[in-house]
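Inspection log for the structure reproduced underneath, given as structure tokens.
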There are 2 protein chains.
Amino acid sequence: MSTERVDLAIGKLRSSGVRLTPQRYAILSFLMGTTSHPTADEIYRELEENFPNMSVATIYNNLKLFKEAGLVRELTFGDASSRFDGNTTDHYHCICVSCQRIVDFPYPPLSGLEQEAQKTTGFVIDSHRLDFFGVCETCQQEKN
Amino acid sequence: MSTERVDLAIGKLRSSGVRLTPQRYAILSFLMGTTSHPTADEIYRELEENFPNMSVATIYNNLKLFKEAGLVRELTFGDASSRFDGNTTDHYHCICVSCQRIVDFPYPPLSGLEQEAQKTTGFVIDSHRLDFFGVCETCQQEKN
DNA sequence: CTACTTGCAAACTTTTTGCTTGCGA
DNA sequence: TCGCAAGCAAAAAGTTTGCAAGTAG
């Protein structure tokens, strides 16, 4: 992918006093350039080659920073570590219960349902998350 | 709440060779009788009074058992430990981003959307989870 | 130059596991 | 009695924190 979106995001960060370091750039650009929804550890191993001395703490620090800046989303499931999604456009997720793969499901947000939930519960809702669980195509074939 | 639903659930368990112990019964009946979506530790502290010697491992073992039997659902969020829901009827959740409270939002399942996701992603979907994030009524008032 | 960041290691939290004793059926 | 379950403690896994040294702006 082009570096444009990454540079734009980094620019946004820098305007609020955040510094640009090679590690930070690498983490963000890896996340924004993949649809694999990696764990912190997967990011760590991916970047290890280029940053042999990088520590996991740096990964976590930056993921937290990106999350707070709204550049990245954290996805958690019961039986595993958090996964991170550098795609913040509208979409939901399908999770394979067999191989844990996460696949994007692009779909317009359920705004009507948010309003419904507001009415029913009295909450002021500002976001929602929808995950589907099932078996991916690859794992379906392996069953044969 | 009445113990009927609990007894029914326990009966279902027992028919598959699972024994009824006082701890097991207490954990399940507490979960089925609350809408507070407690963590394992909260369950532990709640039952501590009646079972001073109970260990956390017992809580976890039983929660796992209940989950596998479909009597209980596990809810996970990024920044905290798992929460457990003894209500397995159709509903979604609203999570307060301020006080972390979880409130049920009864709503018929989005079966149409499951089919849509199947078509788009090639998954065979068998369930989904929908969470709304926002501010609950109590926390809205505290802001004033 | 001076904070912000990194790297490192230790600490912490949550959950799981191994093993012995206890107890439900 | 027999085998599942509880209790206990230690281990595992993921994430956070404190601090010294490095570096971006």
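In what follows, chains carry the letters A, B, and so on, assigned in the order in which the sequence lines appear, proteins first and then strands, with residues in each chain numbered from 1. Below, each value reflects all heavy atoms present in this structure, side chains not excepted, and no hydrogens, waters or symmetry copies.
- At a threshold of 4.0 Å, the pair Arg129(A)-Asp131(A) counts as salt-bridged, since one of the basic side-chain nitrogens sits closer than that to a carboxylate oxygen.
- Atom CG in Leu13(B) sits about 13 Å away from atom C1' in dA5(D), given to the nearest Å.
- Of the side-chain N and O atoms in Arg19(A), none sit less than 4.0 angstrom from OP1 or OP2 of dA3(C).
- Distance, Tyr44(B) OH to dT14(C) P: 13 Å, rounded to whole Å.
- A donor-acceptor pair shorter than 3.5 Å can be found between the side chains of His93(A) and Asp104(A).
- Taking atom CD of Glu42(A) as the reference point, atom P of dA13(D) lies 15 Å away to the nearest angstrom.
- Nearest to the side-chain atoms of Val18(A) among the listed nucleotides dG25(D), dT5(C), dT14(C) stands dT5(C).
- Residue Ser82(B) is classed as a sugar-phosphate contact, given heavy-atom separations below 4.0 Å to backbone atoms only.
- Under the 3.5 Å distance criterion, with hydrogens and angles disregarded, no donor-acceptor pair is assigned to the side chains of His37(A) and Asn87(A).
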For Glu42(A) and Arg83(A), what are the C-alpha separation, side-chain angles and deciding distance, and is it a salt bridge (Lys or Arg N to Asp or Glu O under 4.0 Å)?
CA-CA 9 Å; Glu42(A) 282 164 1; Arg83(A) 299 189 157 272; 3.4 Å; yes
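- For the pair Arg24(A) and dT6(C), the criterion of a side-chain N or O lying under 4.0 Å from OP1 or OP2 is met.
- The shortest distance between the side-chain N/O atoms of Gln23(B) and the OP1/OP2 oxygens of dG7(D) is below 4.0 Å.
- For the pair Arg45(A) CZ and dA13(D) C1', the interatomic distance rounds to 13 Å; values are reported in whole Å.
- When each of Leu20(B) and Phe84(B) is assigned the nucleotide of DNA chain C bearing its nearest heavy atom, the one mapping closer to the 5' terminus is Phe84(B).
- At a non-hydrogen distance threshold of 4.0 Å, Ala57(A), Tyr60(A), Asn61(A) from residues 57-70 of chain A come into contact with DNA chain D.
- Distances shown here put a side-chain N or O of Thr21(B) below 4.0 Å from the OP1 or OP2 atom of dA6(D).
- Across all strands, Val56(A) comes closer than 4.0 Å to no nucleic acid atom at all (heavy-atom distances).
- Comparing Phe51(B) and Ala40(A) against DNA chain D, the residue whose closest nucleotide sits nearer the 5' end is Phe51(B).
- Between the P atom of dT6(C) and the OH atom of Tyr25(A) lies a distance of 15 Å, rounded to the nearest Å.
- Among Arg101(B), Gln141(B), Gln100(B), the single residue meeting the side chain to side chain contact (heavy atoms under 4.5 Å, CB included) criterion with Cys136(B) is Arg101(B).
- The closest side-chain donor-acceptor pair between Thr58(A) and Gln23(A), if any, does not fall under 3.5 angstrom.
- Residues Tyr25(A) and Asp7(A) have side chains that bring a donor and an acceptor to within less than 3.5 angstrom of each other.
- Going from atom CG of Asn53(A) over to atom P of dT23(D) covers 11 Å, rounded to whole Å.
- Rounded to whole Å, atom P of dA6(D) lies 12 Å from atom CG of Leu28(B).
- Atom P of nucleotide dG3(D) and atom CZ of Arg14(B) are separated by 18 Å, given to the nearest angstrom.
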